[in-house]
> 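Have a look at this one.
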Amino acid sequence: MDRWTKMYQEKRKTPEEVAKLFHAGDICLSNGQITEPIAILHALADRAEREGLTGIRHYLLLPMRNQKYMAAGMEAHIRHVSHFVSGFDREAIWEGRSDYLPSHYSQVPVLWKQVLEGPDVFYCTVSPMDRHGYFSCGTAADLSEIRKKARRLFLEVNPTMPRTFGSHIHISEVDALVESDLPITEVPPAPISKDDQIIGGMIAQEICDGATLQLGIGGIPNAVAQALMDKRDLGIHSEMFCDSIVDLTNAGVITNDRKKIHRGKTIVTFTFGARSTYDFIDDNPGVEFLPVDYVNDPFVIAQNDNVISINSCMEIDLFGQVCSETIGPKNFSGAGGQVDFIRGAAASKGGKSFLAFKSAAKNDTISKIKPVLTEGSCVTTTRNDVDYIVTEQGMVRLKGLTCSERAKALIGIAHPNFREELTRAAQKMHLIV
């Protein structure tokens, strides 16, 4: 038995044994999304409930499963704090049982290194150890470097987690580990609507050969990808590795050959998607998962030419202020890397950023273009940062437009049902004479 395997065996424990290593009041942090350590957290919730353990705080970006620790009544034992709200913690946050910590994605590690002073526990799910004693961070490397600030490091080793390149943890760093074969979460591709196709086609026309893309999740990014099949030598520098990147790479559209940094490599910080996506990134040296404070750093992003950032939002007002996080005062999503990439694209030679969304919601009864943002809504992207706005009704570039010109342009791509009332509101606000 080699030294690393011996060390592995010495540190291997059951989830229940690892749960005993937590203390009341511990501050705990995981890498994001589906790297959350399911078995450890379930055992911890059982112990906390059984023994009356209280005051533990668990921080995660974008939970992807229903878990016991977030059930009503568990908040005194384990209080969940989200760095990006999802459908799995939204209701708990609305009810005050969980909380949300707002931040640009690129700044989350900075919070932990300089403001929050590091967690007591860092834990996450990783791929199996290789012969050199390294575990891959798998589908999320976003917060992986914060482990160096933690007092204790626990790993959950899962054979269904793909082995990815870029970020690794060595067995010598680890305090304890558990093994779990619970399949990691799979997320089916979002369907593409007719409106998505219209929006995707407009954006694709603005993307030149050799551009470097940031793509997210959802029907619109997938539609953009479908419309890019005739492009050449596209690159990827994106916080998320989405399913459509697989299709574009296999079609020879994505080569990363014209990137200025990380040439030949797809650079991302996390993924979740179909099993076929996990199989594609598994042991694939053409894809690297790096910490988010590097991937999403606007200075790093801007080092590539022709950066194209594509994101969505909840609503925009006639001044160009964008809300992507809340519905009124209710947290619905998060800032994520939207502003990181908008600013990175703005500083990139030839860069462009797009905010794309359907012009109306609830069967076209609610306009997503408003005179002013809904009361209580939070501004995610300021009017000073916004570039292109795209709906199924058209596309406008707000950058360089006066307040009056912006209002007219946005009314022009609003749903026809709301253009008259938006015009009246703009006149009342003296945006349009």
> Is the side chain of Lys368 donor-acceptor paired with the backbone N or O of Phe357 at a distance under 3.5 Å, no angle test?
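Not confirmed, Lys368 side chain does not pair with Phe357 backbone.
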
> Mind checking the CD1-NZ spacing from Ile78 to Lys68? Nearest 0.5 Å is all I need.
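Nearest 0.5 Å value for the CD1-NZ distance: 9.0 Å.
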
> Check the side chains of Glu392 and Ser359 for a donor-acceptor pair under 3.5 angstrom, ignoring hydrogens and angles.
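Side chains of Ser359 and Glu392: pair found under 3.5 Å.
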
> Measure the acute angle between the ring planes of His83 and Tyr59, then classify it against the limits of 30° and 60° as parallel, tilted or perpendicular.
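Rings of His83 and Tyr59: tilted, 30 to 60°.
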
> Judged by atom type as modelled, is there a donor-acceptor pair below 3.5 Å linking the side chain of Asp387 to the main-chain atoms of Phe354?
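Answer holds: no.
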
> Between Ser348 (side chain) and Gly350 (backbone), is there a donor-acceptor pair under 3.5 Å?
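No: the side chain of Ser348 does not pair with the backbone of Gly350.
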
> May I ask you to check whether Asn256 and Thr266 show a side-chain donor-acceptor distance below 3.5 Å?
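Their side chains do contain a donor-acceptor pair, which is all the 3.5 Å distance test asks for.
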
> Taking atom CD of Glu91 as the centre, report whether more than 12 heavy atoms of other residues, nucleotides or ligands fall under 6.0 Å from it.
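It does not: Glu91 CD has 12 such atoms or fewer within range.
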
> Begin with the C-alpha distance, continue with both residues' side-chain angles, and end with the deciding distance and a verdict on side-chain hydrogen bond (donor to acceptor under 3.5 Å, both in side chains) for Thr255 and Asp233.
CA-CA 5 Å; Thr255 64; Asp233 292 328; 2.9 Å; yes

> Can you find a side-chain donor-acceptor pair between Thr164 and Ser136 that sits under 3.5 Å?
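There is such a pair (donor and acceptor under 3.5 Å, judged by atom type) between the side chains of Thr164 and Ser136.
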
> If we only count heavy atoms from C-beta on, is the Gln303 to His237 side-chain gap below 4.5 Å?
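They are not in contact (no side-chain heavy atoms under 4.5 Å apart), so the answer is no.
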
> Got more than 12 heavy atoms from elsewhere within 6.0 Å of CZ, Arg97?
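Check passes, neighbour count above 12.
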
> Compare all side-chain heavy atoms of Asn311 with those of Ser324 and state whether any distance is below 4.5 angstrom.
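Not touching, per the 4.5 Å side-chain cut-off.
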
> Please state whether the rings of Phe270 and Phe272 are parallel, tilted or perpendicular, taking 30° and 60° as the class boundaries.
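Answer is parallel, since the angle falls under 30°.
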
> Can Arg90 be said to sit on top of Phe332's aromatic six-ring, NZ or CZ under 6.0 Å from centre and within 45° of the ring axis?
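Yes.
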
> Going by the side chain to side chain donor-acceptor pair (under 3.5 Å) test, name the single residue among Asp340, Asp293, Asn296, Asp142 that passes it with Tyr105.
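That would be Asp142.
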
> For His262 and Tyr294, take the angle between the two ring planes, folded into 0 to 90°, and tell me which bin it lands in: parallel under 30, tilted 30 to 60, perpendicular over 60.
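Judged by the thresholds at 30° and 60°, the geometry between His262 and Tyr294 is perpendicular.
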
> Can you tell me if Thr271 uses its side chain to pair, donor with acceptor, with the backbone of Phe241 under 3.5 Å?
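Checked: pair present.
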
> Atom CD of Glu239 and atom CZ of Phe341: how far apart are they, to the nearest 0.5 Å?
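So the CD of Glu239 and the CZ of Phe341 are separated by 5.5 Å.
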
> Would you confirm whether Ser98, through its side chain, and Asp89, through its main-chain N or O, come within 3.5 Å as a donor-acceptor pair?
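Here the side-chain-to-backbone pair does not exist.
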
> Donor-acceptor check, side chain of Arg79 to backbone of Glu75, threshold 3.5 angstrom: yes or no?
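No, the answer is negative, given that no donor and acceptor are paired below the 3.5 Å cut-off.
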
> Using modelled atom types only, decide if a donor and an acceptor are shared between the side chain of Thr277 and the backbone of Gly273 within a distance under 3.5 Å.
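Here the side-chain-to-backbone pair does not exist.
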
> Hey, could you give me the CG/CG distance between Leu101 and Asp99, rounded to the nearest 0.5 Å?
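That separation rounds to 7.5 Å.
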
> Could you tell me the separation between the CG atom of Leu41 and the NE2 atom of His80, rounded to the nearest 0.5 Å?
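These two atoms lie 10.5 Å from each other.
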
> Check this for me: does any side-chain nitrogen of one of Asp283 and Arg163 sit under 4.0 Å from a carboxylate oxygen of the other?
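Between Arg163 and Asp283 there is a salt bridge, with a charged N closer than 4.0 Å to a carboxylate O.
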
> Could you grab the distance from atom CG of Asn222 to atom CD of Gln197, nearest 0.5 Å is fine?
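It comes to 11.0 Å.
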
> Once you round to the nearest 0.5 Å, how far does SG of Cys124 lie from CD of Gln33?
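Atom-to-atom, Cys124:SG and Gln33:CD are 11.5 Å apart.
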
> Are any of the side-chain nitrogens in Glu36 or Arg65 under 4.0 Å away from the carboxylate oxygens of its partner?
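A salt bridge is absent here (no side-chain N lies under 4.0 Å from a carboxylate O).
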
> Between the side chain of Lys265 and the main-chain N/O of Pro285, is any donor-acceptor distance below 3.5 Å?
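Here the side-chain-to-backbone pair exists.
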
> Is Asp120 paired with Arg151 through a side-chain N to carboxylate O contact shorter than 4.0 Å?
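Between Asp120 and Arg151 there is a salt bridge, with a charged N closer than 4.0 Å to a carboxylate O.
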
> Look at the aromatic rings of Phe22 and Tyr123 and report parallel, tilted or perpendicular, splitting at 30° and 60°.
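Taking Tyr123 first and then Phe22, their aromatic rings sit tilted (interplane angle of 30° to 60°).
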
